[in-house]
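Written out below as C-alpha cells is the structure these notes cover.
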Amino acid sequence: VAQQAWERAKLQQAVEALDRHTNGSQSDAPEFTWRYLNRLCQPFRETRTLQAPNVVLALAASADGKLLAATGGGDWVYIWDLEAPTDLPLRKFSTGELFIAGPISFSPDGRFFLAGGLSKERSTKGLQIWETTTWQRVTNFPNLPARYSDFSADGNILAVALRRLQ
C-alpha cells in the first residue's frame, strides 16, 4: 500500500501506510522494502503543507523565515506564521481596490510587506505597503505600474521596475 501511494505521489498516504504497518516503531518492520520506502518518505514527515483556498500565483518569505505570504491574482493575501504549530493562515486580508497580479515581498527586517497589482477595473497598476505587526496599510501608490519591486538589503530603498501601460 505504501509503495503504491509513493508511486502515485500520494506522499502523506505513503507515510500513513508505513506508520500503520509498524505502529511507528522501525524495529517492527525489518524488511528491506519498508526501510527503503521509510527512508524515501522521511523528508515528508518533516514538512508541512500549507493550503490556501485559491490558486497561488506568488509567494514571498520574510528574511528571518518566520512569515510566508501567498496570493493568487485576486484581492487577497494570506500570511502564515511558519513557527506556529498550525497550518492555518495567521491572517488573510483584502487589498481592497488592488487585484494582486504583480510583485509581493517582505522588507529585509520584516517590518513591511509590499504587493503590486492592477486596479479592479484593470486600467491602472498600483503598489501597496503594509506594516507587518499591525497589518495596516501604510502607503498606497495607486498609479505606479510596478512590474517588479524589491527592498534594498538595508530596507531603506524600494526599487521598482516600471512597465508602461498602453
Side-chain angles (χ1 to χ4, degrees), residues 6 9-16 18-19 38-166:
W6 174 263
K10 303 286 186 183
L11 305 177
Q12 187 60 40
Q13 289 176 6
V15 168
E16 290 169 1
L18 288 166
D19 289 347
N38 191 54
R39 198 167 4 137
L40 289 175
C41 290
Q42 195 59 40
F44 303 102
R45 294 176 185 279
E46 300 164 5
T47 59
R48 294 170 58 190
T49 301
L50 306 175
Q51 295 183 353
N54 304 76
V55 173
V56 173
L57 299 176
L59 291 171
S62 60
D64 62 8
K66 293 180 180 180
L67 297 175
L68 178 70
T71 185
D75 66 347
W76 56 271
V77 175
Y78 285 97
I79 306 292
W80 284 271
D81 177 350
L82 297 178
E83 293 185 331
T86 178
D87 294 338
L88 299 175
L90 167 71
R91 172 171 302 278
K92 174 191 176 192
F93 62 92
S94 173
T95 58
E97 66 279 355
L98 191 66
F99 183 85
I100 304 297
I104 64 171
S105 67
F106 287 93
S107 63
D109 61 8
R111 288 184 48 220
F112 299 102
F113 173 75
L114 72 84
L118 299 166
S119 62
K120 292 281 187 172
E121 62 279 349
R122 299 184 180 181
S123 59
T124 62
K125 284 191 139 194
L127 191 69
Q128 296 180 355
I129 300 176
W130 290 269
E131 200 276 325
T132 58
T133 57
T134 62
W135 291 103
Q136 297 296 313
R137 187 171 61 190
V138 294
T139 191
N140 182 30
F141 301 100
N143 295 311
L144 187 66
R147 177 78 174 199
Y148 305 101
S149 61
D150 206 358
F151 292 93
S152 63
D154 63 7
N156 291 328
I157 298 171
L158 175 62
V160 179
L162 302 178
R163 180 176 139 188
R164 198 169 88 190
L165 294 175
Q166 298 187 12

Any residue meeting side-chain hydrogen bond (donor to acceptor under 3.5 Å, both in side chains) with [X], in chain and number order, not counting sequence neighbours:
X	answer
Thr132	none
Ser62	Asp64
Asn156	Asp154
Glu16	Gln12

So how far is it from [X] [atom1] to [Y] [atom2], rounded to the nearest 0.5 Å?
X	Y	atom1	atom2	answer
Leu59	Ser105	CG	OG	12.5 Å
Leu114	Ile104	CG	CD1	8.5 Å
Tyr78	Thr71	OH	OG1	9.5 Å
Asp150	Phe106	CG	CZ	12.0 Å
Ile129	Arg137	CD1	CZ	11.0 Å

- Item | Heavy-atom pair with the smallest gap, counting every atom of Ser152 and Pro108 |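 Here Ser152 and Pro108 meet closest at O-CG, 3.0 Å.
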
- Item | Heavy-atom pair with the smallest gap, counting every atom of Leu158 and Leu127 |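 Looking at all heavy atoms of both residues, the shortest contact is CD2-CD2, 3.8 Å.
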
- Task: Output all residues satisfying side chain to side chain contact (heavy atoms under 4.5 Å, CB included) with Thr134, sequence neighbours left out; order by chain, then residue number.
- Result: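 With sequence neighbours excluded, Thr134 shows a side chain to side chain contact (heavy atoms under 4.5 Å, CB included) to Glu131, Gln136, given in chain and number order.
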
- For Ser107, all residues meeting side chain to side chain contact (heavy atoms under 4.5 Å, CB included), sequence neighbours excluded: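 In terms of side chain to side chain contact (heavy atoms under 4.5 Å, CB included), with neighbours along the sequence ignored, Ser107 is linked to Asp109, Arg111, Phe112, Phe151.
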
- Message: Within the 4.5 Å heavy-atom criterion, are Val77 and Phe113 side-chain neighbours or not?
- Response: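 Result yes, sub-4.5 Å side-chain heavy-atom pair found.
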
